[in-house]
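All remarks here apply to the structure that follows.
Both counts, for ligands and for their atoms, begin at 1 and track the order of listing.
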Amino acid sequence: MHQKEDTLQENQETAPQFSSQASFILTAAGSAIGLANLWKFPYIAFAYGGLNVLLPYFFFMIFVSIPLFVAETTIGAVTQKTPDQAFTLLRNGSRLWKWIGDSTIFTGFLISSFYSVVTGWILLYTVQAISKGFHFSSYVESAVHWNGCLQDWKWGVIGHTAVALLCLFILTQGVKKGLERLNQVCMPLFFVCIISLFIWSISLSGFWQAVSYLTSFQPTTNAGNSIILVALGHAFFTLSVGQGTLVTYGSYTKAQSTLFSSSIIIAFADTLISILSSVILIATVFSDIELNGTMTSGPSLLFEALPSFFSTMESGPWLPSFFFFFVFLAAITSQLSALEPSIRRIEAATSLGRKKSALLVIGSSWALGIIASISVSSFHLFSLNGTSWFDFISYVTTTYMLPLGAMAAAMLFLKAWHTKKLIQSSGEVLFADLPKMAQTYLLCSLKLAPIFILAIFIHALGIW
Ligand code: PHE
């Protein structure tokens, strides 16, 4: 108790606040909805055979990711502190838990370093689409062009640097004027974009084939536990759980009693976006004679297949510009959310202030990102035994660090619940007014989450 008071006194500064519950929802949705929804999910849905993977994915969203989302935002909202302080506070001043809190912030920081590189590629493709459009005579030509861009280290560095400067400009404005305002503009724009693209996709010859592919079980070569683990890993990444963002965003709101419903709204929006983008992308793949119903993964889908498809449509620069701008909106809001916890952490613990903290964090993330960017260029300067730094850091953060952070949050939340530490600013016990069914759902799922997480590790280590 004594220690707990010490920790409370350590930082009396109050966290900045979003102006409304709607702003919290939009900004957290901005974090969740990102590249994972727009290119990873459609690929997974395609490669793992429609409902074969969608059903386990829905299961894990409902029973693992959403409860974790509620747990992490609640920890932030109840304590109004940064993850390191919040974890320490709920564990009576434990140094170990301070370290765990800090390591979740560090995970987000590492993610920001490579996420910025990809956001940079998208920015440059948006600029290219607007300025010249895409005029490839074949898929191969588009692939050659993309590889040429990637090989040129200067190209990647320019995009990555532009994204870092943009993030610096936005995040130095602070939480309300920068982060919140940007999401208030970008997210509604993003929703308009995806609905427009969905309507456009109805006109494609492959539209109904895509719908039927996604709504039935498809025979695939990918089967067994790999489907389950892909679905689980993706459910984690897409909701941004397991690193500092949700605790930090939670600390920016006092709308504690509505966190449960807000989380459901965000998860629903995130899933809807994933499904809509799957229909759009799979429909293009089925409509493209050259692709002939085959779908490539990750970058090649976005940077090779789509530009080649847009070239065949002769739609002018409008459609590709619109498309890449839309992907950019999703990426930049997620990138900001990966940077924010570190900035807030430094701002709260030092006298540097918001601007210098932002400069320090974004500068370091930029430097690390330069390594990631160069590692995938023809330089191969930062790659070991054929694995680039980019691949290494994205694998380690998503496979090990995110699940570990999520496991810690689940355990912390359960302990705080049982020891009645989840007290709202109004003095009432949090979630006490939630229907019994919802309480049971939350508690049981959080108890089961660490078991599922352990399964990921066992699989990653090759034991299962
Ligand atoms: N949720 C983001 C996406 O779907 C990824 C992300 C993870 C962003 C963690 C920030 C932190 O693309």
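Within a 6.0 Å radius of CZ in Phe106, other residues, nucleotides and ligands contribute 12 heavy atoms or fewer. In the displayed structure, Phe60 atom CZ is contacted under 6.0 Å by more than 12 heavy atoms of other residues, nucleotides or ligands.
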Report task. Give the intermediate values and the outcome of ring pair (Phe, Tyr, Trp, His ring centres under 6.0 Å) for residues Phe134 and Phe324. Result -> CA-CA 12 Å; Phe134 298 110; Phe324 277 99; 5.8 Å; yes
Requested in this report: Determine, stepwise, if the pair Phe326 / Phe323 fulfils ring pair (Phe, Tyr, Trp, His ring centres under 6.0 Å).
Outcome: CA-CA 5 Å; Phe326 144 83; Phe323 180 84; 5.8 Å; yes
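In the vicinity of Ser334, heavy-atom distances shorter than 4.0 Å reach the ligand 1 atoms 2 (C), 8 (C), 10 (C).
Below 3.5 Å of separation, one finds no N or O of Ile33 facing any N or O of ligand 1. Residue-to-ligand polar distances place Ser31 within reach of ligand 1: an N/O pair is separated by less than 3.5 Å. Between Thr238 and ligand 1, at least one pair of N/O atoms sits closer than 3.5 Å. Considering backbone and side-chain atoms together, Ile111 places no N or O closer than 3.5 Å to any N or O of ligand 1. Checked by distance only, ligand 1 and Ala338 stay at 3.5 Å or farther apart across all their nitrogen or oxygen atoms.
Side-chain N/O atoms of Thr253 and Gln21 include no donor and acceptor closer than 3.5 Å.
Residue Ala32 touches ligand 1 through its backbone alone, judged by heavy-atom distances below 4.0 Å. Only the side chain of Tyr115 comes within 4.0 Å of ligand 1, counting heavy atoms alone; its backbone N, CA, C and O stay farther away. Contacts between Gln243 and ligand 1 below 4.0 angstrom, taking non-hydrogen atoms only, involve the side chain exclusively.
Taking CD1 of Ile265 as the reference point, atom CZ of Phe24 lies at 10.5 Å (rounded to 0.5 Å). Remark: Met187 CE to Phe190 CZ distance equals 6.0 Å, nearest 0.5 Å.
Counting only heavy atoms of the protein, atom 10 (C) of ligand 1 lies nearest to Ser337 OG, 3.5 Å. Distance from atom 6 (C) of ligand 1 to its nearest protein heavy atom, with residue and atom name: Ser240 OG, 3.8 Å.
Note on ring orientation: taking the six-membered ring where Trp is involved, the planes of Phe413 and Phe431 are tilted (angle from 30° to 60°).
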